[in-house]
Every structure is written in structure tokens, then in C-alpha cells.
Novice: 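Following this message is one structure expressed as C-alpha cells.
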2 protein chains.
Amino acid sequence: MTLVKKTPTIQDVARFAEVSTATVSRALSSPERVSEQTRARISEAVRVTGYTPNQSARSLRQRTARTILVALPDIGNPFFSVILDAVEREAACRGYGVLVANRFPGNSSGLRMRDYFMSNRVDGLLLFDGSVDLEQLMMLTGDPMPVPLIVACEEIPNAPFHTVKTDNSYAAEQATRHLIALGHRRIGHVLGPRGNVLTGERQRGYARAMQVAGLEIRPEWLLQGGFAMEAGQVAAAHFMCLRDRPTAIFAANDESAVGFISGLRQRGLDCPGDVSVVGFDDLELAAHVWPPLTTMRQPRAALGRIAAGALIDLIEGGRRDRMPMHMVLSSEMIVRGTTARPPAPATSEAGPSALAVQ
Amino acid sequence: MTLVKKTPTIQDVARFAEVSTATVSRALSSPERVSEQTRARISEAVRVTGYTPNQSARSLRQRTARTILVALPDIGNPFFSVILDAVEREAACRGYGVLVANRFPGNSSGLRMRDYFMSNRVDGLLLFDGSVDLEQLMMLTGDPMPVPLIVACEEIPNAPFHTVKTDNSYAAEQATRHLIALGHRRIGHVLGPRGNVLTGERQRGYARAMQVAGLEIRPEWLLQGGFAMEAGQVAAAHFMCLRDRPTAIFAANDESAVGFISGLRQRGLDCPGDVSVVGFDDLELAAHVWPPLTTMRQPRAALGRIAAGALIDLIEGGRRDRMPMHMVLSSEMIVRGTTARPPAPATSEAGPSALAVQ
DNA sequence: GAAACCTCTGCAATCGATTGCATTAGTTTC
DNA sequence: GAAACTAATGCAATCGATTGCAGAGGTTTC
């Protein structure tokens with residue numbers, strides 16, 4: 001009914017409440033500084049006019065945007081989208097908006113982020129993309145780290161940033177130990193994408209578990225892979241070519257695990273009958289494929305929430321700590337249907353050679 | 001090296017280039033209005049100072065935020081996250097930022113969106129969430145639709161908004177026809193969530209295909225479902241209880257299809273050996289589960305791109321057309337491994353009763 | 001050569017909220 | 001009862017870019 005000509009401003013509220021704009025502003029941001037009755041008049045005026053503060057004006061004056069920038073390598077990936085969900089929730093609760101920036105082809109991403117900061121559109125950066133150019137980033141943050149920045153999930157080696165991540169290496173070790181505990185001795189690993197930090201950490205965890213158990217790591221059991229389902233399928237094809245196959249595989253993530261299992265199936269091998277497989281991440285997918293996937297759960301929602309919260313603390317605290325802070329969340333083993341004891345014949349067949357090596 | 005004390009402003013550029021700020025502003029936004037040499041001096045000054053326009057100041061003056069708000073029911077869902085990806089790309093290309101707003105518990109979402117507009121943080125709204133309160137929305141858009149708004153994927157019935165979506169009903173009809181063409185006569189449908197517009201459209205398409213082919217639709221073959229994998233698994237449990245089972249199922253989406261298939265498997269039924277299943281959406285998942293899922297592909301990336309483009313056109317065109325525009329993208333049948341001819345015994349068994357009904 | 005017309009540039013107001021400083025009125029202290 | 005203090009409010013500058021208006025200088029037109 002009420003045809004709104006223009007969005008109401010603080011002036012309108014002030015006029016209606018018969019006070020100055022300064023008083024209105026104070027009534028809204030620090031109510032204790034305004035007398036009870038004036039406050040009541042202003043509340044009423046706000047209600048009647050339907051006033052909402054203009055964020056641009058506020059940003060301009062206060063030099064804060066109440067917005068964070070979330071940089072992701074791939075929003076389309078369910079791994080990240082669940083995290084983004086949690087980030088958005090946390091930010092919204094604390095009155096912040098969330099701008100998303102997906103990785104761009106080329107390495108222009110760093111520049112794009114720089115632009116967001118320079119143009120005062122965002123107050124802080126939540127970086128999930130480890131591939132951003134380090135130099136561009138350093139240029140962004142300057143020396144005394146003037147830009148609130150948290151690197152999450154991925155990690156930029158040797159860079160002095162706050163990080164929030166999960167215990168990748170230890171989790172990978174646990175996943176491998178689960179297979180060992182089941183009786184597997186010949187265990188392979190589908191690697192993550194080449195050059196990725198996480199790939200390295202998970203491989204290290206796998207290697208440590210094998211070493212500790214005194215098991216052999218054959219180079220041909222390290223299957224080239226990646227974080228996509230296709231990569232898992234390709235790894236399965238390579239797996240089939242092995243003359244001396246492992247009885248279990250630790251895959252770098254759930255998607256490669258699922259691709260790997262479906263690749264096995266296509267070629268007549270059963271999981272977990274012939275080969276046990278353990279994944280990493282615990283995507284929704286994992287519980288619902290058949291057989292349901294045994295995997296290491298990464299607390300993705302918690303990670304998003306904590307990262308966003310920490311970033312906003314950083315923004316509001318104004319303390320640009322010299323000491324980077326590292327928060328590590330722990331993962332959890334979720335045992336489902338893709339892992340089982342090794343097949344009897346395979347074990348006896350492999351027995352001698354495995355012993356011979358030790 | 002260069003320790004930046006403060007972000008440079010247009011004043012700094014003006015001083016360096018020895019012109020007024022007005023000229024700098026014009027040189028950047030309408031270069032043809034500034035002489036060649038002045039322009040060169042200003043470019044140089046911009047380069048040296050590292051100037052980037054302050055977006056808050058610009059927004060305040062021009063009353064545009066160069067930002068769109070994308071409202072989603074569930075960012076964590078891969079269906080939407082791929083769309084969001086495309087939206088972000090398109091928006092970025094056209095110089096717009098993307099703020100995301102996930103659905104909030106309660107029905108406060110509409111108010112939250114209203115706030116974004118009233119506070120001048122966003123110029124337009126891309127609405128993927130059909131559950132937003134219609135009244136709150138109308139209040140937002142006012143009568144002559146002053147707020148650029150596009151409803152995508154979902155649709156708000158009887159509301160005069162621009163829409164971008166796929167041909168759900170027709171696509172569902174095609175999916176069902178595929179099953180009929182394979183020789184199935186007893187075909188069931190795992191429904192989407194109750195009350196959802198898409199659920200209705202897909203069910204209608206299913207019903208039309210069945211009618212046109214002269215096939216019976218038994219009420220007990222309409223299995224309660226939803227868009228989640230769990231829902232598919234529950235539907236499979238109900239399916240098993242049927243005394244007279246369909247030989248094929250059209251599931252409302254890929255996730256319910258995958259859940260359904262895994263539910264069948266758990267209970268000893270094979271797909272497509274015993275039951276053929278066709279899904280809807282063509283998520284990444286679909287190609288990589290085993291067997292790979294036959295499904296109707298929705299052009300999600302195209303949808304995101306087109307919706308974002310149309311919204312920005314709307315914002316920039318300034319033409320608040322009275323006539324709502326409806327863009328319909330078409331889906332594509334993707335035949336993979338979950339559909340096959342019906343099993344011979346089941347067909348002969350069902351033959352008489354099916355004939356009797358006709 | 002006066003009028004009309006460009007082209008280029010600067011002045012200063014403007015967008016809407018915040019905030020340092022000043023002012024008024026009322027209260028406490030000794 | 002003067003001094004000191006506190007509480008509540010207003011004035012006006014400020015954040016940084018954009019833009020209507022006007023003026024300077026030059027060119028074209030008749």
C-alpha cells in the first residue's frame with residue numbers, strides 16, 4: 001500500500017523523532033548513550049519510516065564493509081560447498097555478508113582479490129585456494145599483515161599466515177592403520193593431484209603407517225590419481241594392470257575412492273570382497289553409494305564455522321598478531337562397507353613374498 | 001617494498017596528475033571526454049599510486065552496489081553449487097560481486113534479503129529458493145517491480161516475476177518415455193519433497209507419459225521421497241513391501257535415484273537387472289556411481305550463466321518491464337547403465353494383470 | 001567579426017552515516 | 001553556593017567518488 005518513493009534515510013528518522021541525526025546514529029549503535037525516552041521516540045520513528053542504515057555510507061565513513069571474501073578453488077565441488085554453507089551461516093550470525101570468488105582461469109585470482117580489498121568492498125579474506133600466487137598475496141597483506149587473512153584447508157608453505165585445517169597427515173595414517181588392523185599387508189595408495197599440498201600430507205601419513213607396521217611400500221602401488229572420480233577410475237585401470245595387486249587401497253579422497261571402486265566393478269572386481277578401499281573426507285555421497293564407503297571424516301562444517309569466526313575476530317579485534325596462529329581440527333574414522341578382511345586366497349598367495357621382503 | 005600507509009584515493013591521483021578529481025573520475029569512467037594527453041598523465045598517476053576506486057564511495061553516490069545477491073535453499077547441495085559457480089563467473093566477467101545468502105532456519109530469509117536491499121548492499125536478487133515468503137517478497141519488490149529480481153529453477157506460483165528454469169515437466173515426460181520405449185509397462189515414481197513446485201511438475205510429466213502410452217498409474221507406485229539420498233533409500237524400503245512391483249522407477253532427482261538403487265542393492269535387488277532407474281539432474285555423481293546413472297541432464301551451468309546475465313541486464317537496463325519474462329532451457333536425456341529392458345519373468349508375470357487393467 | 005558552438009576542465013554540491021567537540025542542564029562535592 | 005562533574009544532545013566536518021553547472025579557450029558559420 002505505502003508506495004515508497006525512496007528508501008528512508010537517517011534524516012527522515014531524525015525529522016520524525018525530532019532529534020538530530022547524530023542522536024539517531026547513537027541510539028542505534030550505542031543505546032546507552034541516549035536517554036530512555038529519546039530512544040523510545042527513535043525506535044518508533046525507525047519503525048514507522050522502515051529505516052535501514054545505508055551500508056555504503058557507513059562503510060565509507062567507518063572504512064569497514066562488514067563483508068568477508070571467500071576464495072575457493074571450485075565452488076561446484078561438494079567438499080567446498082558444505083564448508084561455504086557453514087561460513088555463510090557463521091558470518092550471517094555475526095552480521096557479515098559473504099562475497100564468493102571462485103578460482104579464475106589464469107592466475108588472475110590474486111589480483112582480483114587485491115581489487116576487492118583496495119576498493120574497500122571486503123574486510124577480510126578466507127582463502128581455501130592454495131594455488132594463489134604467493135607474491136600477489138604478500139603484496140596484498142604487506143609486511144605487518146595489514147589484511148585480515150586466514151588460510152583454510154590448504155596451506156601455503158612457508159608463508160606466515162593464520163591457518164585452519166584438519167590433521168591430514170595423521171588422519172591418513174589412521175586410515176591406513178585401519179586397513180592394517182583388518183589384516184591387510186599389501187596396501188596401495190591412490191594419490192591426490194600432483195603438486196597439491198594435501199596430496200603430500202596424505203601420502204606421508206600413509207607411508208608412516210606402513211613403515212611403523214613394517215610393511216613394504218612398492219612404488220607401483222602408488223597410483224597416480226587426483227581428487228576427481230575420473231582420476232579414481234583411471235587409477236583402477238592401472239590397478240588392474242598390476243601383476244601383484246594390493247588387497248587394499250587408501251584413496252586420497254572420497255571421490256577418487258568412489259571412482260576407483262566403480263572402475264573395479266566395471267572390470268569384475270568386488271569391493272570389499274576382492275579389494276578394500278578407504279576414502280577421505282566423508283562427503284554426503286560416501287554414506288549413500290553402495291557399498292557405503294569407509295572413510296576419514298573431515299569436520300567440514302566445523303571447519304567453515306571456525307575459520308569464519310576466527311577471521312571475524314581478527315577483523316574486529318584489530319590485533320594483527322605477528323605470530324601466525326595454526327588451528328588443527330581432528331578427523332574421525334568412519335567405518336562402513338568398503339573395508340573388510342583381505343580375501344583368504346590372496347593373503348596366502350601374497351604371504352611368502354611379503355615375508356620374503358621383510 | 002613500498003610501505004603503503006593508506007589506500008590511495010582519487011585525490012592522490014589528481015594531485016599527482018595535476019588535475020582536479022573531477023577530471024580523474026571522468027578519465028576513468030568516460031575516457032572520450034578527456035583529452036589524450038591528460039588521459040595519459042592520469043593513467044600514469046593511477047599506475048604510480050596504485051589507485052583503485054573506493055566502492056563504498058561510488059555506491060553511496062551512484063546508488064548502485066555492483067553486487068548481486070544469490071539466495072539459495074542449500075549451498076551445500078551440489079546441484080546448486082555448480083549453478084553458483086556459473087553465476088559467479090558470469091557476474092565477475094561483468095564486474096559484479098556475488099553475495100550469497102543460504103536459506104535460514106525459520107522464515108526470516110525474506111527479511112534478510114529485504115535488509116540487503118534496503119541497506120543498499122545489492123542491486124538485484126537471484127532467487128533459487130521457492131520457499132521464500134511471497135508476501136515478504138512482494139513487499140520487497142513493491143508494485144511496479146522496483147527491485148531487479150529473477151526467480152530461477154524454482155518458481156513461485158502466480159507471482160509476476162521473471163523466471164529462468166528448465167522444462168521440468170516435459171523432461172520428466174521424456175525420462176518416463178525412455179523407460180516405456182525399453183519395454184517397461186509397470187513404472188513407478190519416487191516423488192520429490194512434498195509441497196515443492198518441482199515435485200509437482202515432474203510428477204505431472206511422469207503422469208502424462210504414462211497416460212499417453214495408455215499405462216496404468218497405481219497410487220502405491222508413487223513412492224514418497226524427497227531430493228536427498230536418504231529419501232531414496234526409504235523409498236526403496238517401501239518399494240520392497242509392494243506385492244506387485246514396478247519393473248522401472250523414475251526418480252525425482254539423481255540423489256534420490258542413487259539412494260534408491262543403493263537401497264535395492266542392500267535388499268538383494270539388482271539395477272538394472274531387476275529394476276531400471278532413471279534420475280534427474282545429471283550431477284557429477286551420476287556418471288561415476290556404479291552402474292552409471294541414466295538421467296535427464298539439466299543444463300545447470302548454462303542456467304546459472306543465463307540467470308546472472310539476465311539479472312545484470314535488468315539492473316543495468318533499468319527497464320522494469322511490467323511483463324515478466326520466462327526463459328525455459330531444455331534438458332537432455334543421458335542414457336547410461338541403470339536402465340535396461342525389463343526382466344523376462346517379471347514381464348510375463350505382470351502381463352495378464354496389466355492387460356486386464358487396460 | 002560577432003554569434004554560435006565545441007572541447008576540455010574545474011568548482012562545489014551531493015550521496016548518508018559517523019564522530020570529535022561544544023553546549024546545555026542537572027547533579028554532586030566540599 | 002561555587003566548582004567540578006556527568007549526562008544528553010546538537011553542530012558540523014568527514015569519508016571518497018560523481019556530476020550539474022559554468023567558464024576558458026578554440027573553431028566554425030554566415
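Order of the sequence lines fixes the chain letters, A, B, ..., with proteins taken first and strands second; residue numbering starts at 1 for each chain.
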Novice: Begin from the C-alpha positions of A:Y96 and A:E316 and carry the test side-chain hydrogen bond (donor to acceptor under 3.5 Å, both in side chains) through to its verdict.
Specialist: CA-CA 11 Å; A:Y96 279 69; A:E316 299 191 336; 3.0 Å; yes
Novice: Do the charged groups of B:D313 and B:R94 touch, with an N to O distance under 4.0 Å?
Specialist: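 So B:D313 pairs with B:R94 through a salt bridge.
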Novice: Could you state the atom-to-atom distance from CG of A:L28 to P of C:dA17 in whole Å?
Specialist: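 Going from A:L28 (CG) to C:dA17 (P), I get 10 Å.
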Novice: May I ask you to check whether A:S59 and A:R66 show a side-chain donor-acceptor distance below 3.5 Å?
Specialist: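 No, no side-chain donor-acceptor pair sits under 3.5 Å.
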Novice: What are the atom names and distances for every N/O pair under 3.5 Å that joins the protein to nucleotides 22-26 of chain D?
Specialist:
none

Novice: Do NZ/NE/NH1/NH2 and the carboxylate oxygens of A:E88 and B:R112 come within less than 4.0 Å?
Specialist: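 Salt bridge present between A:E88 and B:R112.
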Novice: Which residues, if any, of residues 38-46 of chain A bring a heavy atom under 4.0 Å of DNA chain D?
Specialist: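 DNA chain D contact set from residues 38-46 of chain A: A:T38.
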Novice: Treat primed atoms plus P, OP1 and OP2 as sugar-phosphate and everything else as base, then score nucleotides 11-16 of chain D 5' to 3': B for base contact with protein heavy atoms under 4.0 Å, S for sugar-phosphate contact only, - for none.
Specialist: B-BBBB
Novice: Taking the side chain as C-beta and beyond, is there a heavy-atom pair between A:N54 and A:T9 under 4.5 Å?
Specialist: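 No, too far: nothing below the 4.5 Å cut-off.
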Novice: It should be established whether B:T23 places a side-chain nitrogen or oxygen under 4.0 Å from OP1 or OP2 of nucleotide C:dC8.
Specialist: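 Indeed not, no polar side-chain atom of B:T23 lies that close.
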Novice: Verify the distance criterion only: is there a donor paired with an acceptor across the side chains of A:R121 and B:T67 at less than 3.5 Å?
Specialist: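 B:T67 and A:R121 do have a side-chain donor-acceptor pair below 3.5 Å.
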Novice: By side-chain hydrogen bond (donor to acceptor under 3.5 Å, both in side chains), which residues pair with B:R63, not counting sequence neighbours?
Specialist: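 Scan of B:R63 (side-chain hydrogen bond (donor to acceptor under 3.5 Å, both in side chains), adjacent residues dropped) gives none.
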Novice: Could you pull out all donor-acceptor pairs under 3.5 Å where a side-chain atom in residues 16-23 of chain A meets a protein atom, sequence neighbours excluded?
Specialist:
unit_1 : atom_1 : unit_2 : atom_2 : d
A:S20  : OG     : A:A22  : N      : 3.4
A:S20  : OG     : A:T23  : N      : 3.3
A:S20  : OG     : A:T23  : OG1    : 3.2

Novice: Who pairs with B:T49 by side-chain hydrogen bond (donor to acceptor under 3.5 Å, both in side chains), at least two apart in sequence or on another chain?
Specialist: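 By the side-chain hydrogen bond (donor to acceptor under 3.5 Å, both in side chains) rule, B:T49 matches no residue at all.
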Novice: Is B:D12 salt-bridged to B:R15, cutoff N-O under 4.0 Å?
Specialist: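 Between B:R15 and B:D12 there is a salt bridge, with a charged N closer than 4.0 Å to a carboxylate O.
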Novice: Under 4.0 Å, heavy atoms only, any strand: does A:V24 hit a base, just the sugar-phosphate, or nothing?
Specialist: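 The residue A:V24 makes no contact with any strand.
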Novice: Regarding B:V34, tell me which of base, sugar-phosphate or nothing describes its non-hydrogen contacts under 4.0 Å with the strands shown.
Specialist: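 It contacts sugar-phosphate atoms only.
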Novice: How many whole angstroms separate atom CD of A:Q37 from atom P of D:dA8?
Specialist: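 Atom CD in A:Q37 sits about 10 Å away from atom P in D:dA8.
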Novice: Across the strands shown, which category fits B:S35 at heavy-atom distances under 4.0 angstrom: base, sugar-phosphate, nothing?
Specialist: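 Answer is sugar-phosphate: B:S35 comes under 4.0 Å of backbone atoms only.
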Novice: Is the shortest side-chain N to carboxylate O distance from B:E44 to B:R41 below 4.0 Å?
Specialist: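 Salt bridge absent between B:E44 and B:R41.
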